[in-house]
Amino acid sequence: MSVFRRMRDITVATLNERLEQSQDPVKLIDQFLIATRDDINEVEKLYQQYASHTKQLKQQVDQASSMKDRREDQALLALKAGEDDLAKLALQEKIIYEEKIDQYGVLYEESRLSLRELENQMNELKLEYQSVYSKRQYYAARMENLRLQQRMNQRMGEFGGKDVPKMFNRLEDNITDWELEARSLRELRKAGQQFIDQASASVSTILEQEMARLKQKLNNSGKE
């Protein structure tokens, strides 16, 4: 297991633990995504360096292989020409290139396997980033729903079911006061009219009595 693989395991485990206790999971996930993106960039740089080094090793192996074949051909030509010493010299160089092929061949194979492992890790990191980012978007949408729901509940609490009845209750009280006031004023006017009528009746009675008294007095004086 590589260093990068162990680092990512620890980070994911820490994220899972902290998500269960976090009040703001979106912020925590953002921090994780930033760290993961940094790791991806680091792995990509290392991958490019490994790819360049692997390419150089491959060139060394190919060049040594080409020289080995060339020296063997030269040794054959030298033998055909009866030049045994030149043939031996060519074969000695061929052996050197064969050793170089073995040495660089091992290094190239190790580097190639490491390069493939790095590529797999880089793809895993990118897949992990996309997966967590998708979760992040989902949690962000849920948090927005919750925030808007809280705002709506708060608004309904301030202007909704509780205040509307209060508003009409106050209006009902005002109308009742106005009705009582109007009724009292009407009763007062009615009582005033009755008083006036009674007063008029009293005056009329006194007037008739006075008229009767004067008529009586007039009759009495005529007799005298």
Side-chain angles (χ1 to χ4, degrees), residues 1-22 24-141:
M1 180 177 289
S2 70
V3 175
F4 284 107
R5 186 66 257 167
R6 283 187 280 109
M7 286 176 61
R8 299 310 310 156
D9 288 342
I10 292 173
T11 304
V12 171
T14 303
L15 174 66
N16 290 333
E17 292 177 0
R18 295 177 64 183
L19 275 177
E20 296 178 356
Q21 304 173 353
S22 175
D24 191 349
V26 175
K27 182 178 180 180
L28 185 60
I29 292 175
D30 283 344
Q31 294 174 353
F32 174 81
L33 289 175
I34 292 173
T36 303
R37 188 166 59 240
D38 291 342
D39 289 340
I40 291 174
N41 292 335
E42 188 176 350
V43 174
E44 285 180 339
K45 291 179 181 178
L46 184 59
Y47 177 85
Q48 292 173 0
Q49 293 173 356
Y50 244 107
S52 177
H53 178 63
T54 303
K55 183 178 180 181
Q56 291 177 358
L57 291 175
K58 181 67 167 51
Q59 289 175 346
Q60 291 286 344
V61 172
D62 292 343
Q63 184 180 12
S65 179
S66 177
M67 291 302 295
K68 176 185 76 70
D69 294 340
R70 179 181 297 182
R71 291 294 182 266
E72 183 170 331
D73 293 340
Q74 290 174 344
L76 286 173
L77 289 176
L79 285 175
K80 290 179 180 178
E83 299 286 344
D84 291 354
D85 291 339
L86 286 178
K88 288 181 181 177
L89 183 60
L91 288 176
Q92 287 176 349
E93 290 189 7
K94 176 196 170 189
I95 294 173
I96 293 174
Y97 284 119
E98 285 177 345
E99 291 179 351
K100 187 175 181 179
I101 291 172
D102 292 339
Q103 293 171 345
Y104 279 86
V106 172
L107 293 177
Y108 167 71
E109 187 63 19
E110 290 177 354
S111 183
R112 189 180 65 82
L113 293 177
S114 297
L115 184 65
R116 179 180 297 178
E117 183 181 358
L118 267 179
E119 185 177 6
N120 292 334
Q121 291 179 11
M122 187 167 58
N123 291 334
E124 288 179 8
L125 280 175
K126 291 180 177 179
L127 181 62
E128 183 178 274
Y129 180 90
Q130 290 297 329
S131 177
V132 174
Y133 180 78
S134 178
K135 289 289 185 184
R136 186 262 183 208
Q137 295 300 88
Y138 169 69
Y139 282 118

J.: Test: salt bridge (charged side-chain N to carboxylate O under 4.0 Å, His left out). Region: residues 101-113. Which pairs qualify, not counting sequence neighbours?
T.: E109-R112
J.: Which atom names give the shortest non-hydrogen contact between V61 and G105, and what distance separates them?
T.: CG2-N, 3.6 Å
J.: Return yes when atom OH of Y129 has more than 12 non-hydrogen atoms of other residues, nucleotides or ligands closer than 6.0 Å, and no otherwise.
T.: yes
J.: According to salt bridge (charged side-chain N to carboxylate O under 4.0 Å, His left out), who are the partners of K135, at least two apart in sequence or on a separate chain?
T.: none
J.: Tell me the closest heavy-atom pair linking I101 and A64, and the distance in Å.
T.: CG1-CB, 3.5 Å
J.: Roughly how far, to the nearest 0.5 Å, is CD1 of I95 from CD of Q92?
T.: 7.0 Å
J.: Can you give each donor-acceptor pair under 3.5 Å made by side-chain atoms of residues 53-60, sequence neighbours left out, with the distance rounded to 0.1 Å?
T.:
unit_1, atom_1, unit_2, atom_2, d
T54, OG1, Y50, O, 2.7
T54, OG1, S111, OG, 2.4
K58, NZ, D62, OD1, 3.2
K58, NZ, D62, OD2, 2.8
Q60, OE1, K100, NZ, 3.2

J.: Applying side chain to side chain donor-acceptor pair (under 3.5 Å), name anything that partners E44, two or more places apart in sequence or on another chain.
T.: K126
J.: Please round to the nearest 0.5 Å and tell me the distance separating atom CD of Q74 and atom CG of L91.
T.: 10.5 Å
J.: Working to the nearest 0.5 angstrom, can you tell me the gap between K45 NZ and N41 CG?
T.: 6.5 Å
J.: Quick check for you: to the nearest 0.5 Å, what is the distance between N123 atom CG and L118 atom CG?
T.: 10.5 Å
J.: Does R37 have any salt bridge (charged side-chain N to carboxylate O under 4.0 Å, His left out) partners at least two apart in sequence or in another chain, and if so, which?
T.: none
J.: So, do L125 and V43 sit near enough that their side-chain heavy atoms are less than 4.5 Å apart?
T.: yes
J.: Mind checking the CD-CG spacing from Q130 to L33? Nearest 0.5 Å is all I need.
T.: 9.5 Å
J.: In Å, rounded to the nearest 0.5 Å, how long is the span from CG of L89 to CG of D84?
T.: 12.5 Å
J.: Quick one: salt bridge (charged side-chain N to carboxylate O under 4.0 Å, His left out) pairs with a partner in residues 63-80, sequence neighbours left out?
T.: R71-E93, E72-K94
J.: Give me the atom names and distance for the closest heavy-atom approach of L115 to A51.
T.: CD1-N, 3.6 Å
